[in-house]
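Read the numbers this way: they start at 1 and go in the same order the structure lists the ligands and their atoms. Computed over heavy atoms, backbone and side chain alike; hydrogens, waters and symmetry mates excluded. Residue indices begin at 1 and follow the sequence shown.
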Amino acid sequence: MGLTGIQIFKLLPKTNCGECGVPTCLAFAMNLAAGKAELDACPYVSDEARAQLAEASAPPIRPVSIGVGTRAFKIGGETVMFRHEKTFYNPTGIGVLVKADIDSEALDKKLKEWNALQYERVGLNLRPELVALKDVNGDKDSFASVAGKIARESEFVLILMTDKLDVMKAGVEACAFKKPLLYAATKDNVDDMGGLAKDTGLPLAVKAGSIDDLITLSDKLTGMGLKDLVLDSGSREMKQAFGDQVAIRRAALKAGNRSLGFPTITFPCEMAGNLDMETLIAGLFIAKYAGISVLSDFKGESLFPLLLERLNIFTDPQRPMMVTQGIYEIGGPGEDSPVMITTNFSLTYFIVSGEIEGSRVPSWLLILDTEGLSVMTAWAAGKFSGDVVGAFVKKCGIADKIKHRKVIVPGYAASISGEMEEELPDWEIMIGPRDATLIAKYLKDNWKV
Ligand code: SF4
């Protein structure tokens with residue numbers, strides 16, 4: 001639980017030397033409590049006070065990093081029950097299960113298919129992160145061989161799933177360089193798995209039959225010095241598993257229960273008989289409150305909605321989603337291609353760029369930074385006025401890329417055309433459609449150089 005400013009103040013030197021950038025230790029304490037300052041800014045905090053403050057300021061759910069490379073990700077670190085209270089920070093890792101007895105050719109095919117499932121949206125690459133490799137027959141050599149192949153030949157981060165120490169050791173030897181998650185320590189192997197995780201520095205999942213058992217195992221492992229744990233309450237029945245997710249989050253955040261202050265892992269692949277149902281269950285756990293969710297397969301039609309849901313759930317609701325200001329090329333435009341302009345609200349960009357793409361008319365799309373506001377709102381706020389838009393068109397560099405001097409403004413911002421003409425005397429300001437769905441027709445009917 002966080003300390004108040006006064007509690008923090010009591011641990012500071014109280015010399016008011018001002019070296020931290022504020023005149024008094026009290027002011028610094030208040031800033032620390034509000035998350036506006038870093039403890040390191042005060043060079044005079046004693047080691048003892050530093051340890052106390054670090055412990056007190058540790059997040060109620062520990063952030064745990066898994067994997068290395070382009071698909072490495074972080075889970076946990078959450079501070080609220082409900083997204084609208086602040087935001088959720090670290091998106092649920094999405095994984096797929098593969099059994100260790102898979103033959104090499106089938107694995108190659110699957111990895112290729114799964115790797116292709118990447119989607120560009122609003123300037124982001126949406127893709128799953130994980131392959132969960134499950135030991136099925138205790139054959140440590142084949143487990144290690146498949147683990148090594150996935151680690152070497154794909155970008156996917158690995159979960160190594162076995163309860164046998166020798167199999168886990170073989171898997172770790174084959175892919176430790178990818179920083180896999182070890183799954184799982186149970187009441188029967190907790191000493192061995194805990195020891196292996198400690199020796200290798202790898203994150204460790206803990207599986208129990210109930211939340212009480214989970215607390216016992218978590219306490220034992222943290223007592224061994226392990227910090228990076230991922231919790232599995234063991235339930236594979238949807239209602240109970242969902243209840244466990246909520247109970248774990250609530251215990252960590254509201255009751256300050258450090259034993260449960262870790263991200264969780266869920267297995268929709270073990271809770272349903274078909275991928276559609278698994279997808280629904282995974283959708284539930286992305287919203288509340290899984291750190292990782294593992295499916296039995298990735299198919300575009302099930303994965304894509306989950307990736308979009310994840311994008312939405314883990315977007316800060318207090319900050320509009322934005323794309324970067326600049327010139328966007330759609331369909332390989334040339335010097336005679338149309339130039340359109342709109343705001344940097346992601347949804348606006350997403351819809352307008354999609355419609356331009358659908359029109360099959362290669363075009364330049366100018367995106368103006370309006371702090372994430374849509375066209376009408378930005379216009380009303382003075383961030384999409386004629387002089388601002390005109391100045392942007394002038395300085396963004398589009399004039400060097402085209403022969404003509406025409407720019408199409410959104411129909412809803414038609415009233416800015418007069419001011420734009422003053423700012424851009426050599427340009428023709430064209431009024432585009434109000435509705436993005438009419439862009440294709442508009443270009444067909446109106447675009448001539
Ligand atoms: Fe107080 Fe430390 Fe800031 Fe000096 S640097 S005013 S001792 S908090």
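- Listed by number with element, the atoms of ligand 1 under 4.0 angstrom from any heavy atom of F28 are 8 (S).
- For the pair V393 and E423, the minimum side-chain heavy-atom distance is 4.5 Å or more.
- Side-chain contact of D232 with Y183: a donor-acceptor pair under 3.5 Å is present, judged by distance alone.
- Contacts between N16 and ligand 1, counted as non-hydrogen atom pairs separated by less than 4.0 Å, involve the backbone only.
- Short contacts between ligand 1 and T15, defined as distances under 4.0 Å to a heavy atom of the residue, involve ligand atoms 7 (S).
- Looking only at heavy atoms of the protein, atom 5 (S) of ligand 1 is closest to C20 N, 3.3 Å.
- Counting only N and O atoms by type, the side chains of S293 and T266 include a donor and acceptor under 3.5 Å apart.
- For atom 6 (S) of ligand 1, the nearest non-hydrogen atom of the protein is G18 N, 3.2 Å.
- F285 places none of its side-chain heavy atoms less than 4.5 Å from the side chain of T264.
- None of the N, O or S atoms belonging to C17 lies under 2.8 Å away from atom 3 (Fe) of ligand 1.
- For atom 2 (Fe) of ligand 1, the set of nearby N, O or S atoms under 2.8 Å includes one belonging to C42.
- With 3.5 Å as the limit, one finds a donor-acceptor pair spanning the side chains of E120 and N125.
- Ion pairing between R236 and E270 holds under the 4.0 Å rule for side-chain N and carboxylate O.
- Considering only non-hydrogen protein atoms, atom 1 (Fe) of ligand 1 sits nearest to C25 SG, 2.2 Å.
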